[in-house]
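Some notes on the structure that comes next.
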Amino acid sequence: MPETQDSHKELKVRAFEAIDRRAEDLERFVRDIGKHAEVGFFETRTAAKVAEFLRSLQLPVEEGFALTGVEALLDTHRAGPKVAVLGELDSVVCFDAVDANPDTGAAHQCGHHVQLGVMLATAVGLVSVAPELAGKVVFMGVPAEEYIQIERRLKLKQEGKIHFIGGKAELIRLGRFDDVDMTMMIHASSNLPGAGVDRGQTSNGFVGLTVRYTGRQAHAAASPDQGINALNAAVLGISAVNALRETFRDEDHVRVHFIITKGGDLVNCVPDDVRLEAYVRASSVPVIEETLARVVRAFKAGGDAIGAGTECRVLPGMFPLAGCPALYELFYKNSEPFVAREGFFDGGHMSGSTDMGDISQIMPAMHPMTGGMDGVLHSAEARVTDYDAAVIVPGKTMAATVIDLLSDDAVAARNVLSTFSPNLTKDEYLKKLNGYFEYV
Ligand SMILES: [Zn+2]
Ligand SMILES: [Zn+2]
């Protein structure tokens, strides 16, 4: 074996031993976060706990950007690329989940508590070998990956506290990635209870949409003829969108889904204010935009039929994930000592979305899906089944991947950068995203 390979192996063993020494702390941390879930841009307790753990590694910590963002820098004091390792701070809402917050319904049914554990395990491992590496590693707890509670976030926007609805877009805007060269994180997979890796490297992107139908209130039984029924407009608009579905091509992975966030006020009044939130998803930006135009037209048809007003507001969502294959290959290679052959599988294109898609448009990025959780994500059944498989194994794998990138004067990281060309510059990205606010 070449000498460099041997020295990586020795570094990796040291990092793995450091992670093993804190394995109990890491599991305790993940279990605690799992019982105290918080939704995006309100993850104050979670961020404080992440900061506390990072400080225990003697790393300098910054907090409070994009409301709840937190990061710590590992500086090797040797010139080289800067690698970001991320963990997402936020949860979804699922009142039926075992550990749901009884008041808010916040629950880690997307496994972001696991990601935070993986990020911290990676930090533990890399701190122990930092003198042998070049460049910098930033560990970043990022807010608000889940694109939810849109009206609540629009209020934060109105108050000037955020500009974008999603966390990573907001961090890009704030310049937190300006000096970052490549970005990596893992995400737990659905239904993968043991150690495993999904080889999929792409995902859908989407745009967000709010729809508001306005009618006229009147007595629901005595004088419906004097009213304009906004709920009937919404029902027709939804039917018109559903009638489009047969035209969606399989290869475009189109997903259009919505919820009614307000269906009326009083049952004995003709409803005059009905509101929806929707996503229009697909695997490419042109298809997202083409589908969006048709969906907006269909929603408007509902209002036109009834004579209600229809206000559609388009909001920037997430870009499709365009993972950097070279980073994934390093991650797979470093998974091999821990994951049995049958643990590797190709889940193909992910119909869901991640705002790592946004990062992947401007720099090399990696978002592999790993094991240790069973049940379908975003459902009450999603749960950690194996903390070693969910946290320790991906943490060691991530640490080993960064060691491969930044050892030997960071030659591997420099190679990744020299062969990568981003789809968008930061300015092009922000211009594109801001353009959706202007959509009419
Ligand atoms: Zn999710
Ligand atoms: Zn998630």
Side-chain angles (χ1 to χ4, degrees), residues 1-2 4-20 23 26-27 30 85-87 110-111 114-115 117-119 121-122 124-126 129 182 184-203 253 321-352 354 356 360 364-377 381-405 407 412-413 415-416:
M1 196 179 280
T4 51
Q5 290 284 325
D6 279 336
S7 81
H8 291 199
K9 193 173 173 199
E10 191 266 329
L11 288 182
K12 289 174 189 177
V13 167
R14 268 164 55 195
F16 297 165
E17 286 170 355
I19 293 170
D20 284 334
L26 288 160
E27 180 173 335
V30 173
V85 178
L86 309 189
C110 204
V114 159
Q115 294 174 17
V118 172
M119 176 184 77
T122 307
V124 168
L126 293 178
V129 297
M182 58 187 71
M184 318 199 297
M185 62 176 287
I186 60 94
H187 196 295
S189 174
S190 280
N191 301 320
L192 191 54
V197 179
D198 175 350
R199 287 180 175 275
Q201 299 180 5
T202 58
S203 81
H253 302 275
L321 178 67
C324 172
L327 293 180
Y328 281 87
E329 287 307 323
L330 270 184
F331 188 85
Y332 300 154
K333 187 164 76 65
N334 282 300
S335 299
E336 282 169 9
F338 307 107
V339 178
R341 189 181 295 263
E342 58 274 18
F344 287 94
F345 70 103
D346 189 351
H349 178 80
M350 181 170 71
S351 300
T354 164
M356 271 298 272
S360 76
M366 172 187 90
H367 181 269
M369 309 285 284
T370 53
M373 283 186 74
D374 205 1
V376 172
L377 294 179
E381 281 71 41
R383 66 198 185 283
V384 178
T385 45
D386 181 338
Y387 281 88
D388 189 59
V391 179
I392 304 302
V393 165
K396 287 179 179 174
T397 306
M398 187 70 89
T401 302
V402 178
I403 287 170
D404 278 340
L405 287 165
S407 52
N415 280 344
V416 168

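In what follows, every heavy atom counts, from backbone to side chain, and hydrogens, waters and symmetry copies are set aside.
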Distance-minimising heavy-atom pair for [X] and [Y]:
X: Ser189; Y: Phe345; result: OG-CZ, 4.3 Å
X: Pro394; Y: Ala389; result: CD-O, 3.1 Å
X: Leu377; Y: Ala382; result: CA-CB, 4.1 Å
X: His253; Y: Ser351; result: ND1-OG, 4.4 Å
X: Gly87; Y: Met119; result: N-SD, 3.5 Å

Salt bridge (charged side-chain N to carboxylate O under 4.0 Å, His left out) evaluation trace for Glu10 with Arg14 = CA-CA 6 Å; Glu10 191 266 329; Arg14 268 164 55 195; 3.4 Å; yes

Report yes or no: does [X] contribute a side-chain atom to a donor-acceptor pair with the main-chain N or O of [Y] at less than 3.5 Å?
X: Asp198; Y: Gly347; answer: yes
X: Ser190; Y: Val376; answer: no
X: Asn191; Y: Gly375; answer: yes

Quick one: are Pro193 and Asp386 in side-chain contact, heavy atoms under 4.5 Å?
-> no

Taking the side chain as every heavy atom from C-beta outward, state whether Val85 and Met185 have any atom pair closer than 4.5 Å.
-> no

Kindly determine whether Ile186 and Met369 satisfy side chain to side chain contact (heavy atoms under 4.5 Å, CB included), including the steps that lead there.
-> CA-CA 6 Å; Ile186 60 94; Met369 309 285 284; over 6 Å; no

side-chain contact (heavy atoms from CB on, under 4.5 Å) with Thr202: which residues, sequence neighbours excluded?
-> His349

Set of side-chain contact (heavy atoms from CB on, under 4.5 Å) partners for Phe344, sequence neighbours left out | Val197, Arg199, Tyr332, Ser335, Glu336, Val339

Which value, rounded to the nearest 0.5 Å, describes the distance between Cys324 atom SG and Phe331 atom CZ?
-> 14.0 Å

Would you give me the side-chain donor-acceptor pairs under 3.5 Å for residues 395-405, sequence neighbours excluded?
residue : atom : partner : partner atom : Å
Lys396  : NZ   : Asp20   : OD1          : 2.8
Lys396  : NZ   : Asp20   : OD2          : 3.3
Thr397  : OG1  : Val393  : O            : 2.7
Thr401  : OG1  : Thr397  : O            : 2.7
Asp404  : OD1  : His8    : ND1          : 2.8
Asp404  : OD1  : Lys12   : NZ           : 3.0
Asp404  : OD2  : Lys12   : NZ           : 3.1
Asp404  : OD2  : Asn334  : ND2          : 2.9

Residue set satisfying ring-ring contact (aromatic ring centres under 6.0 Å, His included) with Phe16, at least two apart, ordered chain then number -> Phe338

His367: ring-ring contact (aromatic ring centres under 6.0 Å, His included) partners, not counting sequence neighbours | His187

Given Val384, Val30, Ile19, Thr370, the one that forms side-chain contact (heavy atoms from CB on, under 4.5 Å) with Val391 = Val30

Residue among Gln115, Met184, Met356 satisfying side-chain contact (heavy atoms from CB on, under 4.5 Å) with Leu86 = Met356

Does Thr385 have any side chain to side chain donor-acceptor pair (under 3.5 Å) partners at least two apart in sequence or in another chain, and if so, which?
-> none

